Colleague: 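This is the structure I want to talk about, given as structure tokens.
Hydrogens, waters and symmetry mates play no part in the numbers below; they use all other heavy atoms, side chains included. Remember, it's a predicted structure, so these values are computed and weren't measured experimentally.
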Amino acid sequence: MKYVVGLVLVLLLAAGGAFVVAGRATPPSIAIEKPEKFVGLATPLEVAITVPDAASMKPLRVVFEQNGKQTTLFSLEDPGKAQIKQEGTDKVRITANIGKQTIPDLQTGAARILVTAGRPVLRKMRTIEASASKDVQVRLERPRVSVLSTHHYVNLGGTEFVVYKVTPDDVESGVVVGEVEYPGFKASGATVDGVKITDPSLRVAFFALLYDQDLNAPMRVFARDEAGNVARADFEHRTFPKPFDKRNIPIDDQFLERVVPAILQGTTEVKPEGDTLAKFLVINSELRKKNAEKIASFAKQTSPELLWRGIVFHPFRNNAVESAFASHRTYVYKGKEVDHQVHLGFDLASTSNAPVLAANRGKVLFAEELGIYGNCVIIDHGMGVQSLYAHLSSIDVKPGQDVEKEQALGRSGMTGLAGGDHLHFTMLLNGRMINPVEWWDSHWIEDRILRKLKAVGSAAPSGTQN
Ligand SMILES: [Zn+2]
């Protein structure tokens, strides 16, 4: 008898011990990844849960709590429209939508998201639970946006300008062309022809129809608040095709031997193998792409104010145009076509080592070697507008330096992928290469930009909100 009691006691102790040990097993780890802070009319919810045996996770629940009322956004028993996806053996991701559709009583104000997850242990005799919560702010009022400027004419590869009004004051706004967004900037503070703009709700945005975009690419002004509520406004516009020329670029061994080793010495971005032609092809495609990404990365450093002055950018009139914007180039080596690239800039030749002048007033953002561009300078003119100067033999400016229109930046040369001494020049908008010819045309600047700025004091909205 004594023996039996002892055995039972040992078994009970063992079971109790197992129960306690099981209780110390790792609980699920919960991360409420989205929303970050704000919930709008329709906001994505994303919860990631890490747990050793994801397939057996139970319970699993996501609850939205506002004004003391709880709404279940997801549960294993009733997932509704939410989705649960297992990622590997130890991770589960729940995606759902928070908004008026899922929570009819949703109101502007404070709210909380609560997540509970559990895992069975000890042959499902015990469950270890974990929970997480996040405080959020609900915003249900859509921003408002209306377009004030009229007559928007966009050339393929070229730029346009729009003036619009947006409320409330703190929302992000701009123009979207196809998939490409251009930020808008506050117009207040700017003075045009003695007219000072004071309305804090006025915004302006430059936007482009990139050389490879469709002429029918949708163009709209948008405004988006932190909760993801979006308003859009159409504006009247016309687009015009632009014929881009095609040309063959013969390349020979002498050219390859000069440019390929020099470019590779100055970059760690690509490490091509093979003969000089093979290396050239990597430089011409991969390095060209990486250099374009680097150039685009300066867009976010743009000044929110217009830095340029006058009615025209320096037109480089003393230079012969060797190649115009968006020329479609076929590279020919020993009679064979070896590559195709689009040349996004102007090649302007004058004398060797000629002074390279700033196209307009601005701030130097970049002044060093950049792959195929050789010694390269990028100047910010504000509101997303920048200019680029390439193949310089020497650079006389430093990043952060303010420059005046036609101030010397350095001297022309043939560094990078250049067949001879010339200046490669292009304008950039929000980091994308755009046709500079418009900026050399005082009529274009007057009509596309200055006219619209002068008109904003008196004009009534011309756009429609949807
Ligand atoms: Zn060029």
Colleague: Name the residue from D380, L365, I378 that meets the side-chain contact (heavy atoms from CB on, under 4.5 Å) definition with Q301.
Modeller: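 Of the listed residues D380, L365, I378, the side-chain contact (heavy atoms from CB on, under 4.5 Å) partner of Q301 is L365.
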Colleague: For V270 and L264, run side chain to side chain contact (heavy atoms under 4.5 Å, CB included): C-alpha distance rounded to whole Å, both residues' side-chain angles, the deciding distance at 0.1 Å, then the answer.
Modeller: CA-CA 8 Å; V270 293; L264 290 179; 4.1 Å; yes
Colleague: Evaluate side chain to side chain contact (heavy atoms under 4.5 Å, CB included) for L306 paired with V204, printing each intermediate quantity in order.
Modeller: CA-CA 11 Å; L306 287 179; V204 294; over 6 Å; no
Colleague: Treating K246 as the side-chain partner and H328 as the backbone partner, does any N or O pair qualify as donor plus acceptor under 3.5 Å?
Modeller: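 Checking the backbone N and O of H328 against the side chain of K246, no donor-acceptor pair under 3.5 Å is found.
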Colleague: Ring pair (Phe, Tyr, Trp, His ring centres under 6.0 Å): which pairs involve residues 35-90, sequence neighbours left out?
Modeller: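 Applying ring pair (Phe, Tyr, Trp, His ring centres under 6.0 Å) to every pair that reaches into residues 35-90, excluding sequence neighbours, yields nothing.
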Colleague: Does any pair with a residue in residues 38-47 pass salt bridge (charged side-chain N to carboxylate O under 4.0 Å, His left out), and if so which ones, sequence neighbours excluded?
Modeller: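 For residues 38-47: K34-E46, E46-R93.
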Colleague: Measure centre to centre between the rings of W444 and F161, then say whether the value is under 6.0 Å.
Modeller: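 Not close enough - the centres of the two rings lie 6.0 Å or further apart.
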Colleague: Show the numbers, then the answer: is there a side chain to side chain contact (heavy atoms under 4.5 Å, CB included) between V230 and R232?
Modeller: CA-CA 7 Å; V230 181; R232 294 184 183 87; 3.9 Å; yes
Colleague: If you look at every heavy atom in L215 and T239, which pair is closest and at what distance?
Modeller: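 That would be O-OG1, 2.9 Å.
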Colleague: For F313, is there any backbone N or O sitting under 3.5 Å from a side-chain donor or acceptor partner on K405?
Modeller: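 A pair under 3.5 Å: no.
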Colleague: Any donor and acceptor pair, going by atom type alone, linking the side chain of N229 with main-chain N or O of L41 inside 3.5 Å?
Modeller: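 It does hold such a pair.
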Colleague: If you apply the rule side chain to side chain contact (heavy atoms under 4.5 Å, CB included), what do you find for R224 with V171, and how did you get there?
Modeller: CA-CA 6 Å; R224 182 170 49 220; V171 300; over 6 Å; no
Colleague: Please report the closest heavy-atom contact between A358 and V403, naming both atoms and the distance.
Modeller: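 Minimum heavy-atom contact is CB-CG2, 4.2 Å.
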Colleague: Identify, with sequence neighbours excluded, every residue that meets salt bridge (charged side-chain N to carboxylate O under 4.0 Å, His left out) alongside D402.
Modeller: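 Listed in chain order: K363.
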Colleague: Applying the side chain to side chain donor-acceptor pair (under 3.5 Å) criterion to E160, which one of H237, H151, R448 satisfies it?
Modeller: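 The residue from H237, H151, R448 that satisfies side chain to side chain donor-acceptor pair (under 3.5 Å) with E160 turns out to be R448.
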Colleague: T415 side chain to L392 main-chain N or O, any donor-acceptor pair under 3.5 Å?
Modeller: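 Such a contact is found between T415 side chain and L392 backbone.
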Colleague: Partners of Y164 by ring-ring contact (aromatic ring centres under 6.0 Å, His included), sequence neighbours excluded?
Modeller: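 By the ring-ring contact (aromatic ring centres under 6.0 Å, His included) rule, Y164 matches no residue at all.
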Colleague: Kindly say whether E404 contributes a backbone atom to a donor-acceptor pair with the side chain of Q407 at under 3.5 angstrom?
Modeller: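 At least one qualifying donor-acceptor pair exists.
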Colleague: Heavy atoms only: give me the nearest F185-P304 pair and the separation to one decimal.
Modeller: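 In this case the closest contact between F185 and P304 is CD2-CA, 3.6 Å.
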Colleague: Any side-chain to backbone donor/acceptor pair from T102 onto N97? Under 3.5 Å, distance only.
Modeller: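 Yes, T102 side chain to N97 backbone: donor-acceptor pair under 3.5 Å.
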Colleague: Distance check, rounded to the nearest 0.5 Å: F244 atom CZ versus L344 atom CG?
Modeller: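 Taking CZ in F244 and CG in L344, the distance rounds to 8.5 Å.
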Colleague: Considering all heavy atoms of both residues, which atom of A205 and which atom of G184 are nearest to each other, and what is their separation?
Modeller: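 Looking at all heavy atoms of both residues, the closest pair is CB-CA, 3.8 Å.
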Colleague: Test of understanding: with salt bridge (charged side-chain N to carboxylate O under 4.0 Å, His left out), list the residues that count as partners of E322, not counting sequence neighbours.
Modeller: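 If we apply the salt bridge (charged side-chain N to carboxylate O under 4.0 Å, His left out) test to E322, skipping adjacent residues, there are no hits.
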Colleague: Please walk me through it: do K398 and E368 pass salt bridge (charged side-chain N to carboxylate O under 4.0 Å, His left out)?
Modeller: CA-CA 9 Å; K398 288 190 177 71; E368 61 180 276; over 6 Å; no
Colleague: Does K134 have more than 12 heavy atoms from other residues, nucleotides or ligands lying within 6.0 Å of its NZ?
Modeller: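 Yes, enclosed.
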Colleague: Using modelled atom types only, decide if a donor and an acceptor are shared between the side chain of R203 and the backbone of P200 within a distance under 3.5 Å.
Modeller: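 A pair under 3.5 Å: yes.
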Colleague: Sequence neighbours left out, what passes ring-ring contact (aromatic ring centres under 6.0 Å, His included) with F222? Give chain and number order.
Modeller: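 ring-ring contact (aromatic ring centres under 6.0 Å, His included) check on F222 returns nothing, list empty.
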Colleague: Applying side chain to side chain donor-acceptor pair (under 3.5 Å) to S285 and Q341, what does each step give before you reach the verdict?
Modeller: CA-CA 8 Å; S285 56; Q341 297 295 336; 4.9 Å; no
Colleague: Determine the minimum heavy-atom distance between A359 and S387, stating which atoms define it.
Modeller: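 Looking at all heavy atoms of both residues, the shortest contact is CB-OG, 4.5 Å.
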Colleague: What pairs with R432 under salt bridge (charged side-chain N to carboxylate O under 4.0 Å, His left out), at least two apart in sequence or on another chain?
Modeller: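 For R432, no residue satisfies salt bridge (charged side-chain N to carboxylate O under 4.0 Å, His left out) once neighbours in sequence are set aside.
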Colleague: H314 vs F316 aromatic rings, parallel, tilted or perpendicular, using cut-offs 30° and 60°?
Modeller: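 Plane angle over 60°, so perpendicular.
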Colleague: Could you check whether S412 and H422, counting side-chain N and O atoms only, form a donor-acceptor pair closer than 3.5 Å?
Modeller: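 Not at all, the side chains of H422 and S412 share no donor-acceptor pair under 3.5 Å.
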Colleague: Does a side chain donor of either E141 or T108 reach within less than 3.5 Å of an acceptor in the other side chain?
Modeller: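 Indeed, the side chains of E141 and T108 share at least one donor-acceptor pair under 3.5 Å.
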Colleague: Do side-chain atoms of T43 reach the backbone of G40 as a donor and acceptor pair under 3.5 angstrom?
Modeller: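 Here the side-chain-to-backbone pair exists.
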Colleague: Quick one: are the ring centres of F206 and W439 less than 6.0 Å apart?
Modeller: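 Between W439 and F206, which both carry aromatic rings, the centre distance is below 6.0 Å.
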Colleague: How long is the gap from OG1 on T267 to CG on N291, to the nearest 0.5 Å?
Modeller: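 Interatomic distance, T267 OG1 to N291 CG, rounded to 0.5 Å: 6.5 Å.
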Colleague: Nearest 0.5 Å, what's the CG-OG1 distance between D78 and T72?
Modeller: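 Between D78 CG and T72 OG1, I get 8.0 Å after rounding to 0.5 Å.
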Colleague: What residues, two or more places apart in sequence or in another chain, satisfy ring-ring contact (aromatic ring centres under 6.0 Å, His included) together with H424?
Modeller: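 Per chain and number, H424 pairs via ring-ring contact (aromatic ring centres under 6.0 Å, His included) with H343, Y373, H391.
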Colleague: Any chance you could measure S149, atom OG, to I449, atom CD1, to the nearest 0.5 Å?
Modeller: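 Interatomic distance, S149 OG to I449 CD1, rounded to 0.5 Å: 11.5 Å.
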Colleague: Give a yes or no on whether the backbone of Q107 and the side-chain of Q66 come within a donor-acceptor separation of less than 3.5 Å.
Modeller: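 Between the backbone of Q107 and the side chain of Q66 there is a qualifying donor-acceptor contact (under 3.5 Å).
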Colleague: Considering all heavy atoms of both residues, which atom of I98 and which atom of P35 are nearest to each other, and what is their separation?
Modeller: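 Smallest heavy-atom distance, with atoms named: CD1-CD, 4.1 Å.
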Colleague: List for me each residue that meets ring-ring contact (aromatic ring centres under 6.0 Å, His included) alongside Y389, sequence neighbours excluded, and say none if there are none.
Modeller: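 Y389 satisfies ring-ring contact (aromatic ring centres under 6.0 Å, His included) with F425 only.
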Colleague: Identify each donor-acceptor pair in which a side-chain atom of residues 49-63 lies under 3.5 Å from a protein atom, sequence neighbours left out, and give them as a table.
Modeller:
residue	atom	partner	partner atom	Å
D53	OD2	S56	OG	3.2
S56	OG	D53	O	3.2

Colleague: Strictly distance-based, threshold 3.5 Å: is any side-chain N or O of D225 a donor or acceptor partner for the main-chain N or O of G228?
Modeller: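 Present.
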Colleague: Check residues 110-120 and write down every donor-acceptor pair under 3.5 Å in which the side-chain atom is one partner and the other belongs to a residue at least two apart or another chain.
Modeller:
residue	atom	partner	partner atom	Å
R112	NE	D135	OD1	2.9
R112	NH2	D135	OD1	3.4
R119	NH1	T26	O	2.6

Colleague: Which of parallel (below 30°), tilted (30 to 60°) and perpendicular (above 60°) describes F366 and F298?
Modeller: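 It falls in the tilted class, 30° to 60°.
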Colleague: Can D169 and K186 be said to form a salt bridge (charged side-chain N to carboxylate O under 4.0 Å, His left out), step by step?
Modeller: CA-CA 10 Å; D169 232 13; K186 282 194 176 195; 3.7 Å; yes
Colleague: For the rings on H340 and Y331, is their centre-to-centre separation under 6.0 Å?
Modeller: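 No, ring centres 6.0 Å or more apart.
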Colleague: Sequence neighbours excluded, which residues qualify as salt bridge (charged side-chain N to carboxylate O under 4.0 Å, His left out) partners of K85?
Modeller: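 Checked K85 against salt bridge (charged side-chain N to carboxylate O under 4.0 Å, His left out); zero matches.
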